[in-house]
Amino acid sequence: MAFAIINGLTTAMAVFLVAAGLTLMFGILRVLNFAHGAFFMIGAYVAWSLLGDAPDSLAAFIGGALGAAALVGALGLVVDQLVLRRLRHVDEHYMLIATFAVLLICVGVAKMIWGMDFHSADPPPFLDGGVAIAGLFLPKFSLFVIATGFVVFLALEIAIHRLWLGKMVTALAADGWMANLLGVNVPLGTTLSVVASFALAGLAGGLLLPNQALSPALGDTYLLLAFTAVIIGGLGNVRGAFIASILLGMIESFNALLLPNLPGLAVYLGMIAFLLLRPNGLFGASAS
Amino acid sequence: MRIAFALAAGALMLSLPLWANPGLVFIAGVTITGAVFALSWNLLFGFTGLASFGNAGFFTIGAYIAAVGLRADHGAWFLPLVGASALAGGAVAFIIGIVALRRSSGIHLAILTLALSEVLRVTVSHTAALGGNDGLPNIPRPRILGFDFGAGDRYYWLLCAACALLAAMLWWIVHSRFGRVLRSIRMDADRTRFIGVDVAAYRLGAFVVSGAVGSAVGALYAPWSQIVTPDLAHWIRSTQPILYALLGGASSFWGPVVGALAFSALDYATRTLVGLSEIVTGVVLLVVLMAAPDGLIGLWRRFAPKLSKSMTPAPRALSERGFAEKMS
């Protein structure tokens, strides 16, 4: 039982790491980014290329993840300038499909650079193995993922609600035209948030690299779960995505416990129920 | 000129087994089913303004019904099986539509349909009676009234005929009164409601037709590929008709067919290099979205009059998006 909760929390924080960037992007651009999972996958590959199969130390591991975040953030800048910027005023369906096209390109490039073989990496020595807490044997890496999820969440909370930058971005998301009138540099703010969203995808890829089967299809599973978290949490709401991720992680974990024959089903059923009953999500503002 | 093109393309597809290698014929069959599947999706997107990301679910329902029926040696009843698949697909679409269309649209509808088809995929892949993850292999081709479609390329022609029939049916629906109402809903749902049209009922109707046709195409596909797997319901499969329709041009009826042919040719040409086919597909799609939102057909309408001024009297369709309502 307690083990299921820890497991659920691990899944939850892994999903949140992916969902955070996704929901940030939606808040600003009103785009559900299909390519987010692909950039997560690229982040994992970049970290693997930097670190190899077995990272030497915790510092190197975190450095690798930050490197992946920087590189994917830079890629985000390219995508923003080449694609997103040009389609900003187009129907949402076309935007959705454009991000899908970016996803295809990313998967193709990943296949060309890193090939089709599966790779994997170990956690750094400090996080390998487990600890016994109150008679439970818990893998250290799970605890690390949970801690990272909380740290990223707190950082985003502070950045969005306390710092000037976050306030600018919030204003911009609420009413770009008005923000522009009040002297906010809208294009700069938008680009910064897009880059931040991509960097978060890269960071998540780097941090979740250990214990994964690294393949070009890596993004798919996380993308769908993150979509679910973003929608249940209310599109564009980081706090909502955080709570929704925890909810999802628990659903997933107890699904594995209670319905071992149908893994992954309860999450979708939960999402469908949510979409029908509360289409605006937990904390979503009602559609204006 | 357009009719000449269509006839030439039709003759090319029909004569394919006579001169092409079996691999190419197989791809052609898959392309034809994909094209009609894309037509059924575009009835929702291009003509009603609803984006579904879960139509692969309907395709899967039909494919599994046909697979189970044929494997149980009911090959003589293949055409009724296709009909039953259409009914089943339509019924499922009706149930989903009644709940989903009233409550969601736009991105919510896209994700809701995506989730529903994932539920189908997960369920099928864990149902032992349907072969689980491995699917149902060795599906025999039908044998109707003693005529064996398993021999040679006979089933290919049956596939062509059935798909042509489904496409004709969709064409008729789009160009009927029903289709005109759908188009007015896509252009402005509020005004259409205002003149006394039950918008929800028409949307539901389009959803049911799309589901029924998608399911029938799935049933035709099963004996062609001779294996069905839960991956048919994977969300990547749901994006296939979207690619076809946008590449060809979603505002034109035949756009998805043109897109399917162009896409398959592209895929076939780039199949040898790992990763290249995704990159080419993605880049082409992006270019189409940014430079020619009406797809290949839109491009053709824009440039064909200039190329052959003597043949076409006036450049009639400078198709801006939303104005390209002249159906081919």
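Every chain is numbered from 1, with letters handed out A, B, ... down the list of sequences.
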Among the listed options A:L32, A:I97, A:V107, the residue most often paired with chain B at heavy-atom distances under 4.5 Å: A:I97

Best-contacting candidate, B:I279, B:L243, B:L246, B:V122, against chain A by heavy atom pairs under 4.5 angstrom: B:I279

Option in B:V283, B:V288, B:T281, B:T239 with maximal non-hydrogen atom pairs under 4.5 Å from chain A: B:T239

Charged tip of B:R186 within 45° of B:F47 ring normal and under 6.0 Å: no

Near-ring test A:F227/A:F34, centroid separation under 6.0 angstrom: yes

Contact class of B:I242 relative to chain A, heavy atoms under 4.5 angstrom: side chain

Max heavy-atom pair count under 4.5 Å with chain A, selected residue of B:V280, B:L114, B:T123, B:T127: B:L114

Between A:W114 and A:S215: side-chain donor-acceptor atoms closer than 3.5 Å: no

Test item: B:S238 side-chain N/O and B:A56 main-chain N/O as donor-acceptor pair under 3.5 Å: yes

Polar contact flag, side-chain donor to acceptor under 3.5 angstrom, B:T48-B:R183: no

Heavy-atom contact with chain A under 4.5 Å, split by part of B:L116: both

Portion of A:L224 that has a non-hydrogen atom of chain B nearer than 4.5 angstrom: side chain

Donor-acceptor side-chain pairing of B:D267 and B:S264 below 3.5 angstrom: no

